[in-house]
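Below you will find the structure I want to go over with you.
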Amino acid sequence: MSFEWPWQYNFPPFFTLQPNVDTRQKQLAAWCSLALSYCRHHKLYTLDVMEAQESPMFNNKKIERKLSMEAIQVVFEELRKKGNLEWLDKNKSRCLVMWRRPEEWGKLIYQWVSKTGMVNSVFTLYELSNGDETEGEEFHGLEDWMLLRSLQALQTEGKAELFTMDDGKGVKFF
Amino acid sequence: ISLLLSAVYFSTVYFSVYSLAKIVIHLHQVPANKEPGPYQYSKYSYIKLSFKEHGQIEFYRRLTEEMTKKRWKNTPVSQPIPTGTGSQAGKTRAVGIVGIERKIEEKRKETDKNISEAFEDLSKLMVKAKEMVELSRSIANKIKDKQGDITEDETIRFKAYLLSMGIANPVTRETHGSGTHYHMQLAKQLGDMLQAPLEERGGMMALTEVYCLVNRARGMELLSPEDLVNACKMFESLKLPLRLRVFDSGVMVVQLQSHSEEEMIASALDNVSEKGSLTAEEFAKLLGLSVLLSKERLLLAEKMGHLCRDDSVEGLRFYPNLF
């Protein structure tokens, strides 16, 4: 299934940071949702800012418009404020994109665990993200750092417990 | 080396295979009338010259030669360091660094004197100018109080002179908002004159356009930009159907009071929607306006949220705000 671009993507003013405050708010909201859905579609969990500027996400070759570096930073700041983005370094060159927040991931995982009757069982992290049994689940292929955070979220809710084993980390669901 | 030559007495030489050749010059006591030299006193009564390789024999020979000839006594006993040009008799002989310092000080005093002399005339001028300002102020006050017997015409001319000299007219300053008689008349005149051109141009003209138009029409007795602005500022208070308006960008325009903002914006939006998008230049061509004014219109529509902008290498375009 190919990615469906929102109508704004082909509207040239979308790529210019609007000076009118109200217009800008609507513009940024559209950009945030575009960025998140693009990352979700392509299962991107981290972004490099320089690469992002050239990626189709911010660069529409068809209408020959792309977001300026300044505008990209503004969009990323919006995402950060909403809790969907985290900077990996002080220079703001790489970031984690959480098109789904850890709590939401945790919920999905727990749902699968209870659905398959695996409550009270123990899993390794690898099994959860890359095991055969989880194939087809949305969280299959989830990157380690995200998986860890989601399980930590579940842990705070009291639904899971993380522990370390010989060859890695494991989790038990309650 | 500068030896205290008048004090050199005699010298001895001794050789040694194992040590460096040395010449020792013993110094005599300083005679009373001796000139000051590099050193006033020295602990030692001799100078020792040490020769590393050779040259001591030659040096000794020449030294003794000079000692016998005492050639230095033949030259006039003048200062070891020259004084510089134009040292007159009676002036203290400047020697060394002290001399140089003294010279600098003298030069500075001279410059100071010159400068104060030059500015003496200016201070006289300042005094006179002050008198003039006082005079003109008193006359202006008399005019205000209608105590002088000067005709209206002359009053206006006098005020014009005052303005041109940069002296503020007390009438304008005190009665803020009502302005001078001159400006009021001017404003009325402008009101009559600008009606037709404004209507032709869609109700708005940049102040620069007004300036050109008015001065061209007048031929003689041209207006200064300042006068024009001051007159325009009075439109509202004189209840004339014109307005002076300043945009955010600083552009000043004269517009008809009847000219409505909403109409302007609505028409801008219509035009842009019809064409899909417009640049300021295209809009100007469409409406027959100057580029400056058409840009202001588009910016205003953007501010109201009806238009949005597309800023790229191709230029600045305006689109209807579909957001």
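Computation of the quantities below employed the complete heavy-atom set of this structure, encompassing side-chain atoms and omitting hydrogens, waters and symmetry-equivalent molecules. The chains referred to below are lettered A, B, ... by the order of the sequence lines, with proteins before strands, and numbering in each begins at 1.
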inquiry  = Is A:Phe15 in contact with chain B via its backbone, its side chain, both, or neither, using a 4.5 Å heavy-atom distance?
reply    =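 Nothing of A:Phe15, per the 4.5 Å heavy-atom cut-off to chain B.
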
query = Heavy atoms, side chains only, cut-off 4.5 Å: are B:Cys308 and A:Phe11 in contact?
reply =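 SC-SC contact between B:Cys308 and A:Phe11 confirmed.
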
Any donor-acceptor pair under 3.5 Å from B:Gln195 side chain to B:Asp192 backbone =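 It does not hold such a pair.
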
key: Proximal component of B:Asn321, with respect to chain A [non-hydrogen, under 4.5 Å]   = side chain

query = Do the non-hydrogen side-chain atoms of B:Leu316 and B:Thr279 ever get within less than 4.5 Å of each other?
reply = no

message = For A:Cys39, run the side chain to side chain contact (heavy atoms under 4.5 Å, CB included) check against A:Asn84, A:Leu79, A:Leu47 and tell me which one passes.
response =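 Result for side chain to side chain contact (heavy atoms under 4.5 Å, CB included) with A:Cys39: A:Leu47.
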
key: 4.5 Å side-chain heavy-atom contact, B:Phe283 and B:Lys285   =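 No, their side chains stay 4.5 Å or more apart.
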
query = Quick one: what part of A:Gln8 sits under 4.5 Å from any heavy atom of chain B, side chain, backbone, both or neither?
reply =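 Side chain of A:Gln8 only, per the 4.5 Å heavy-atom cut-off to chain B.
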
Contacting region of A:Glu64 [heavy-atom separation from chain B under 4.5 Å] = side chain

remark   = Answer key: most heavy-atom pairs under 4.5 Å with chain A among B:Arg317, B:Glu302, B:Met304 is B:Glu302

task = Specify which of A:Arg65, A:Lys26, A:Lys66 makes the most heavy-atom pairs with chain B at under 4.5 Å.
result =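 The answer is A:Arg65.
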
